[in-house]
Amino acid sequence: MATITIMDPVTRIEGHMKVKVKIDKVQGQNKVVNAWCTGTLFRGFESLLQGRDPWDAPVITGRICGVCPVSHGMASSIAIEAATGSKPPKNASLIRDLVLGSNFVQSHILHFYLLSALDYVKGPQTAPWTPAWDVDMRGGLDEISSHLTLAIKARTQAHTMGAVFGGKMPTPHTFIPGGTTAAPTESLIATFRQHLSWLDNFVNTTYIPDAELLAKVYDDYLSIGRGRGNLLSYGAFGPDENGCNKLFKSGRVTGRRKKLKRFVADSITESVSYSWYDESTNNLNPADGVTTPKYPKDKAYSWLKAPRYKSKPYELGPLARMWINGDYRNGVSVMDRHLARAYETAKILKAMDYWLNQLTPGGEVHDASTTPTDGIGIGLTEAPRGALGHWIQIKDGKISNYQVLTPTCWNASPRDSKRKKGPMEKALIGTPIEDPDKPIEVMRVIHSFDPCLSCAVHIMRPNRKPVILRAGCP
Ligand code: NFE
């Protein structure tokens, strides 16, 4: 007999998510045979922005999420600059990359030690580490357990580093259209460098060895949670540590052949066939996108739309970036996601040292071009969880339309108009399950994507209590 297991809410992620899996015997072993991912809250940020001054957008969209506010500030500023034709001076671009880099570092450390590690190791036997499922804990990971609290200190270091030029973290105030509000001084650069050096040491001597140890003890997870293997990156950050190309280039690969292909934003569409949005808004490019909620709706099961590139689902995130850049090409799986994320952290820290050295104390940080009365702009960048895009339309000096497309919206998306599953749904299929009452293996697959439903959806249904249930299914 197959079982349906519903996890609602999924814990140790950002935001609110429900996952339903069907588990059945496949060649004598319990495996996930079907999966549905649901974003359980509606996001109304696009609607909030209608009619506002474009300069409000970086401030408001920075509040979409406390874990990646910098990426939203960056995408929003880039979109407005595209509409106004303004160009930030070099100092401002460097400061933006340094604050964004700090945000990636804190997010990745948070993800590994505080959101994912507890799927594999026991935490201290006290809140918030208990209660926890005690399934398939293999031992040999005491090093990781002993670093759980050190990771909190590391995350503080990264936040403090970001605040040197961000003013505060999270939700820094430094990103404005045309540049930054922060200007570099010798003293700020020296303070930033101290945090950078501490973190560089932590990542290279603790985080990377811990991720490698985890991948060794749980090496079966190098072939679990693959999904389709389609990977996509918009690209982000300034020059690498040699002063050459962007640190992460844009591009995409599909399936097993993995030939690098071009990415063009016009080829994105968002299906709403299985999402609680009006059917008349189906398969629009975000430049023409609208947010018209429709709840309830036949067949629909998520507040996330289903973004697709030329009708194909793509996985975004550190593994996609590192693969497309040629930095990591071992495979696509749960452990490959963890490893790529750890190596990416070191790569970003190295580049940050280069960017810090490029700052000119006292130099320009703002291009004061004015906001146009009419214009359109796209801001594409990367967030810790993958590619992020903001689309803005300005009419008579006000925002007439705004669309945000986050990485988790791609990764945790529901089925699309062609009934194709989203990347996480697909990655769950085939996952072996030891105990259908406590499917820790499902959590491991989900957590490897580092989902953030706060970014993907907002505004909650009141009075709805969390439920965890398992029901028999003929
Ligand atoms: Ni709320 Fe975000 C990141 C963005 S997630 S964390 O990273 O954009 O989809």
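Just so you know, these numbers come straight off a predicted model, no measurement behind them. Numbering of ligands and ligand atoms starts at 1, following listing order.
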(Q) Could you tell me if Glu382 and Ser233 have a donor-acceptor pair between their side chains, going purely by distance under 3.5 Å? (A)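 Short answer, yes.
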Below 4.0 angstrom from a heavy atom of [X], which ligand 1 atoms are there? Numbered from 1 as shown, please.
X	answer
Thr406	8 (O), 9 (O)
Val67	6 (S)
Thr408	5 (S), 9 (O)
Ala383	3 (C), 4 (C), 7 (O), 8 (O)

(Q) Contact between Arg321 and Tyr328 at the side-chain level, heavy atoms closer than 4.5 Å - yes or no? (A)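 No. Closest side-chain heavy atoms not under 4.5 Å.
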Q: Give a yes or no answer on whether the side chain of Ser333 reaches the backbone of Ser223 with a donor-acceptor pair at less than 3.5 Å.
A: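 No, because the side chain of Ser333 does not come within donor-acceptor range (under 3.5 Å) of the backbone of Ser223.
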Q.
Between Lys395 and Asn401 (side chain of the first, backbone of the second, donor and acceptor by atom type, cut-off under 3.5 Å), is there such a pair?
A.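 Checking the backbone N and O of Asn401 against the side chain of Lys395, no donor-acceptor pair under 3.5 Å is found.
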Q. Do you see an N/O/S atom of His72, backbone or side chain, under 2.8 Å from atom 2 (Fe) of ligand 1?
A.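 Within the cut-off used here (under 2.8 Å), His72 places no N, O or S atom near atom 2 (Fe) of ligand 1.
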**Q.** Parallel, tilted or perpendicular: rings of His338 and His111 (30°, 60°)
**A.**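 Geometry flag for His338 against His111: parallel rings.
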Q: For the residue pair Tyr295 and Trp303, categorise the inter-ring angle as parallel (less than 30°), tilted (30 to 60°) or perpendicular (more than 60°).
A: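 Judged by the thresholds at 30° and 60°, the geometry between Tyr295 and Trp303 is parallel.
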Q | Angle in degrees, rounded to 10°, that SG of Cys452 and SG of Cys65 form at atom 1 (Ni) of ligand 1 | A |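 It is 110°, given to the nearest 10°.
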Q. Of all the heavy atoms in Pro407, does at least one lie under 4.0 Å from an atom in ligand 1?
A.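 Yes, Pro407 has heavy atoms under 4.0 Å from ligand 1.
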